[in-house]
Amino acid sequence: MANEAQGRGEGAGFASSSLELSTSLERSVQTRIFKIIVIGDSNVGKTCLTFRFTGGAFPAKTEATIGVDFREKAVEIEGERIKVQVWDTAGQERFRKSMVEHYYRNVHAVVFVYDVTKMASFENLKTWIQECNGHRVSASVPRVLVGNKCDLVNQIQVPSNMALKFADAHNMLLFETSAKDPKESQNVDSIFMCLACRLKAQKSLIYRNVEREDGRPHGYINGFVVVYGRDGERYLPGPHCDRAAGRSEQRGLRRLPGGAEQHTEAEQAEILHRTGAEVSVLYFLRLYPDIKIEGENYPPKLINKYLANFISYFKLLAIALIVTGQNPFQMLGTNTPRVWSWGQENKIFSCLMMFFLSNMLETQFLSTGAFEITLNDVPIWSKLQSGEREVSGAVSLDIETVDCGLMKACTANSLLWV
Ligand SMILES: Nc1nc2c(ncn2[C@@H]2O[C@H](COP(=O)(O)OP(=O)(O)OP(=O)(O)O)[C@@H](O)[C@H]2O)c(=O)[nH]1
């Protein structure tokens with residue numbers, strides 16, 4: 001346990017941590033959230049470590065993690081309440097699949113875990129580091145190395161000095177610990193608290209303190225947010241009130257034509273009155289201008305991207321051939337189908353048809369029907385549209401995992417949401 005003292009030292013002296021999860025908006029708004037991912041081979045004890053930290057116990061039974069599991073713990077460091085959101089990732093390749101992008105997106109710190117009784121899990125760390133680097137995780141994102149299962153003293157295969165050398169070479173702190181041994185629980189806490197402390201020192205305060213004297217934020221009514229799309233436009237999540245059309249829309253995202261500023265405060269109050277407990281976008285943004293809320297489409301499968309690209313090139317080629325009057329079938333020495341001859345005779349119509357049909361196909365391939373919303377880079381909400389195309393077996397499992405994972409995050413954050 002070469003570096004244990006160091007780990008313990010950093011972990012000691014923190015104010016007491018609390019398991020209580022915040023469920024109110026005012027707390028969510030004021031609490032910073034740090035996303036820490038835990039990665040490493042399957043069976044090294046990632047789930048047990050995260051459970052020990054967030055739940056304070058060793059789980060009686062664990063199963064292989066599928067996709068990702070979120071666990072959260074609210075801690076207090078130097079008087080500031082911080083939410084540590086631990087992403088317990090799947091070690092098995094088949095359960096990672098399309099989730100990997102999500103693991104690394106907007107991550108604040110990374111915990112690499114190996115099993116001290118399994119040399120292979122230590123040797124595989126190189127692959128995990130490569131994967132992490134491959135996802136453009138910045139060098140400024142703190143990383144720590146954790147050797148787990150130190151309670152199995154007679155089976156240790158990875159000597160401490162070897163692990164320490166590796167940790168040094170990769171600019172990481174090393175913790176050797178055991179999720180199982182209750183005597184080591186403080187050391188497990190130290191891993192995450194050490195990271196939280198580093199992050200606290202690193203990050204500027206994201207949320208402004210908007211507390212009133214009675215402890216509630218000014219103007220807090222209930223949830224309603226505006227979403228900034230990748231296209232720079234602003235979208236309003238439903239249900240919301242469309243004054244121009246004089247109707248209230250249901251769930252979904254609607255582009256704000258002229259911006260939320262179109263609503264005066266009196267109008268906002270009316271919307272509030274008519275729709276129950278929704279706070280105006282304008283009002284909300286004025287209160288919390290530092291909050292960055294973004295929406296993004298859930299990326300399609302790689303194969304779908306390739307297919308859509310292929311269709312797009314095929315469309316361009318076909319249109320070019322039609323316009324220039326070339327006959328690819330003649331070039332290939334085969335019979336010209338009637339549809340091609342017809343296309344040559346009706347060039348404008350066939351080009352338009354080709355254009356719209358292939359665009360439709362491209363959209364089909366690229367659309368996943370899922371939309372993910374992040375608040376200050378932390379995923380808070382994701383939705384699969386109804387009518388999603390049927391997906392089979394493992395893929396379906398992945399998408400469900402993504403969705404329910406993010407929904408879990410949403411519940412934990414209890415955010416400004418309908
Ligand atoms: N002796 C001992 N066993 C441990 C310890 N931590 C985890 N285990 C056991 O190791 C096995 C795997 O633990 P998990 O936490 O599920 O492993 P994981 O890395 O999350 O595995 P995946 O979800 O497949 O990636 C379980 O049987 C645990 O009981 C430890 O500190 N000591």
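Counting begins at 1 with the first residue of the sequence. Start at 1 and go down the list; that is how both ligands and their atoms are numbered.
Residue contacts with ligand 1: Thr65 is placed with a nitrogen or oxygen under 3.5 Å of a nitrogen or oxygen of the ligand (distance criterion only). Backbone and side-chain nitrogen or oxygen atoms of Gly91 are examined, and one is located within less than 3.5 angstrom of a nitrogen or oxygen of ligand 1.
At a cut-off of 3.5 Å, with distance as the only test, a side-chain donor of Trp128 or Asp41 sits close to an acceptor on the other residue.
Ranking the protein heavy atoms by distance from atom 17 (O) of ligand 1 puts Gly45 N, 3.2 Å first. Nearest to atom 7 (C) of ligand 1 among the protein's heavy atoms is Cys48 SG, 3.4 Å. Protein heavy atom closest to atom 6 (N) of ligand 1, with residue, atom name and distance, is Asn148 ND2, 3.1 Å. Looking from atom 29 (O) of ligand 1 to the surrounding protein, the closest heavy atom is Phe58 CZ, 3.3 Å. Scanning the protein for heavy atoms near atom 24 (O) of ligand 1, the closest one is Ser42 OG, 2.7 Å. Distance from atom 31 (O) of ligand 1 to its nearest protein heavy atom, with residue and atom name: Ala179 N, 2.9 Å.
Distances below 4.0 Å separate heavy atoms of Ala64 from the following atoms of ligand 1: 23 (O), 24 (O). Annotation for ligand 1: atoms under 4.0 Å from non-hydrogen atoms of Leu152 are 1 (N).
Contacts of Thr62 with ligand 1, taken as heavy-atom pairs under 4.0 Å, involve the side chain alone. Counting heavy atoms under 4.0 Å from ligand 1, residue Phe51 does not touch it at all. When heavy-atom distances to ligand 1 are checked against a 4.0 Å cut-off, Asp151 comes that close only through its side chain, counted from C-beta outward. Looking at Asn43 against ligand 1, both its backbone and its side chain come within 4.0 Å, counting heavy atoms. Under 4.0 angstrom from ligand 1, the non-hydrogen atoms of Asp41 all belong to its backbone.
The environment of Leu332 atom CG is dense: over 12 non-hydrogen atoms of other residues, nucleotides or ligands sit within 6.0 angstrom. Within a 6.0 Å radius of CZ in Phe329, more than 12 heavy atoms belonging to other residues, nucleotides or ligands are found.
The residues Lys315 and Glu362 are annotated as salt-bridged, a charged nitrogen and a carboxylate oxygen being separated by less than 4.0 angstrom. Contact check on Asp115 versus Lys149 returns a salt bridge, with a Lys/Arg side-chain nitrogen under 4.0 Å from an Asp/Glu carboxylate oxygen.
When all heavy atoms are compared, the tightest approach of Ser121 to Val44 is CB-CG1, 3.7 Å. Residue Val188 comes nearest to Leu49 through the heavy atom pair CG1-O, 3.6 Å, listed as atom of the first residue, atom of the second, then distance.
Evaluated by nearest non-hydrogen atom to atom 10 (O) of ligand 1, the leading choice among Lys46, Lys61, Glu63, Lys149 is Lys149. Across Val44, Asp88, Thr47, heavy-atom proximity to atom 20 (O) of ligand 1 is greatest for Thr47.
Using a 30° and 60° split on the angle between ring planes, Phe122 and Tyr114 fall in the perpendicular class, above 60°. By the 30° and 60° cut-offs, the orientation of the rings of Phe70 relative to Trp87 is perpendicular. Ring geometry for His170 versus Phe166: interplanar angle of 30 to 60°, hence tilted.
For Lys73 and Phe53, the positive end sits near the middle of the six-membered ring, less than 6.0 Å away and at most 45° from its axis.
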